[in-house]
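Here the structure comes first, spelled out in structure tokens, and everything after it is commentary.
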Amino acid sequence: MDIVIKRMETDSEIRGKAYVHWKAWQETYTGLIGQDYLDNHSLEKRTEKAFQWLDNIFVAKENDTVIGFVGYGGCEELPEMGEIYAIYILKEYYDQKIGYALMSAALEELSEYRRIAVWVLEGNHRAIKFYEKCGFKFDGTKKQIMLGTINTEIRMVLVK
């Protein structure tokens with residue numbers, strides 16, 4: 001398997017990222033968030049959003065197919081902190097270290113920050129375990145978000 005991690009640049013990569021984002025939500029959040037919300041989370045809507053969010057994204061590609069991505073940047077709530085905004089990989093590529101490669105690329109870009117935050121949906125045990133393996137720890141901060149139903153996100157922080 002020949003996986004490449006690169007900056008997102010082309011329309012094809014943007015569309016691929018949109019597909020991964022949409023598909024990963026279907027694979028990851030079924031049973032964690034409201035099904036009506038998931039059903040309305042269409043590929044078309046995700047593609048429209050993908051063309052609005054073009055900066056600070058690395059994609060993982062196998063040949064010409066986008067199979068994962070990570071988005072990163074400064075933390076709005078705490079300007080002295082960096083943030084991983086999103087990291088998703090298609091389920092069939094789990095357990096192949098692609099998430100770690102994407103995370104490493106994003107963390108290198110965030111090297112100016114001493115602390116990096118990531119928000120994770122309460123109950124998303126696979127993601128929590130992944131972030132813990134990357135060195136993130138819960139800092140006690142939670143927030144309520146509406147995803148069809150009220151859900152809780154928990155902040156995890158990596159201190160370098």
Side-chain angles (χ1 to χ4, degrees), residues 1-76 82-113 116-136 145-148 151 153-156 158 160:
M1 180 184 328
D2 191 21
I3 306 293
V4 174
I5 307 297
K6 64 177 293 297
R7 289 191 185 282
M8 185 177 73
E9 298 171 309
T10 67
D11 280 5
S12 169
E13 289 169 349
I14 296 166
R15 290 180 192 288
K17 176 213 166 242
Y19 175 78
V20 168
H21 206 166
W22 170 78
K23 181 70 171 168
W25 269 61
Q26 305 303 315
E27 295 171 342
T28 303
Y29 297 130
T30 298
L32 285 178
I33 67 174
Q35 190 59 45
D36 288 345
Y37 187 85
L38 265 182
D39 292 344
N40 288 315
H41 185 82
S42 70
L43 178 56
E44 294 75 23
K45 287 179 187 173
R46 188 46 51 204
T47 301
E48 186 179 310
K49 292 258 189 224
F51 277 93
Q52 294 169 9
W53 178 23
L54 302 173
D55 297 328
N56 297 341
I57 297 172
F58 283 104
V59 292
K61 293 178 76 175
E62 181 181 40
N63 302 317
D64 286 332
T65 304
V66 175
I67 59 168
F69 76 93
V70 63
Y72 60 91
C75 180
E76 278 187 31
E83 185 172 348
I84 301 296
Y85 302 137
I87 184 167
Y88 291 104
I89 296 146
L90 295 175
K91 192 174 191 173
E92 63 261 34
Y93 292 93
Y94 283 0
D95 301 320
Q96 297 179 39
K97 306 290 186 216
I98 298 163
Y100 294 105
L102 285 166
M103 181 65 80
S104 291
L107 291 177
E108 189 167 314
E109 292 295 308
L110 295 170
S111 63
E112 68 196 71
Y113 297 98
I116 312 292
V118 65
W119 288 93
V120 62
L121 195 62
E122 193 171 57
N124 188 349
H125 302 296
R126 181 178 186 82
I128 291 167
K129 190 172 152 186
F130 169 74
Y131 295 134
E132 286 175 339
K133 285 183 179 177
C134 291
F136 288 82
I145 59 169
M146 181 59 80
L147 299 171
N151 295 87
E153 280 191 319
I154 308 163
R155 187 169 68 199
M156 298 179 77
L158 172 69
K160 301 187 215 172

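Since we're looking at a predicted model, the values are computed, not measured.
Applying the salt bridge (charged side-chain N to carboxylate O under 4.0 Å, His left out) definition to pairs two or more places apart or across chains, none involves residues 19-46. For the salt bridge (charged side-chain N to carboxylate O under 4.0 Å, His left out) condition, the pairs that include at least one residue of residues 3-21, sequence neighbours left out, are K6-E9, K6-E13, R7-E109, E13-K61. Among residue pairs with one or both ends in residues 94-104, those qualifying as salt bridge (charged side-chain N to carboxylate O under 4.0 Å, His left out) are D95-R126; sequence neighbours excluded.
For A101, the side-chain contact (heavy atoms from CB on, under 4.5 Å) partners are I5, not counting sequence neighbours. F130 is linked by a side-chain contact (heavy atoms from CB on, under 4.5 Å) to I87, Y100, M103, C134, counting only residues two or more places apart in sequence or in another chain. In terms of the side chain to side chain donor-acceptor pair (under 3.5 Å) criterion, Y85 has no residue partners (sequence neighbours excluded). Residues passing the salt bridge (Lys or Arg N to Asp or Glu O under 4.0 Å) test with E48: none are found, sequence neighbours excluded. Every side chain to side chain donor-acceptor pair (under 3.5 Å) that N151 has, sequence neighbours left out, goes to T149. For Y113, there are no ring pair (Phe, Tyr, Trp, His ring centres under 6.0 Å) partners two or more places apart in sequence or in a different chain. A search for ring pair (Phe, Tyr, Trp, His ring centres under 6.0 Å) contacts involving Y72 returns F58, not counting sequence neighbours.
To the nearest 0.5 Å, atom CD1 of residue I116 and atom CG of residue L107 are 6.0 Å apart. Note: L32 CG to N124 CG = 6.0 Å, rounded to the nearest 0.5 Å. Taking CD from E62 and CG from L90, the interatomic distance works out to 10.0 Å, rounded to the nearest 0.5 Å.
Here the closest heavy-atom approach between residue V120 and residue A127 is recorded as CG2-CB, 3.8 Å. Closest heavy-atom contact between T30 and Q35: CG2-OE1, 3.8 Å. Closest heavy-atom contact between G82 and C75: O-CB, 4.1 Å. In terms of heavy atoms, I3 sits closest to A60 at CG2-CB, 4.3 Å. Contact between F136 and V118 at its shortest, heavy atoms only, is CD2-CG1, 3.7 Å.
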_Criterion side-chain contact (heavy atoms from CB on, under 4.5 Å) on L147 and L121, from CA distance to verdict_ = CA-CA 11 Å; L147 299 171; L121 195 62; 4.2 Å; yes
*asked:* Apply side-chain contact (heavy atoms from CB on, under 4.5 Å) to residues L158 and I84 and explain how you reach the verdict.
replied: CA-CA 10 Å; L158 172 69; I84 301 296; over 6 Å; no
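Few gaps surround NZ on K160; more than 12 heavy atoms of other groups in view lie less than 6.0 Å from it. Taking a 6.0 Å sphere around CD of E108, one finds it holds 12 or fewer heavy atoms contributed by other residues, nucleotides or ligands. The environment of E76 atom CD is sparse: at most 12 non-hydrogen atoms of other residues, nucleotides or ligands sit within 6.0 angstrom.
Between Y29 and W25, the ring planes are perpendicular. Angles over 60° get that label, and only those under 30° would be called parallel. Ring-plane geometry between F69 and W53 is classed as perpendicular, the angle between the planes exceeding 60 degrees on a 0 to 90 degree scale with a lower cut at 30.
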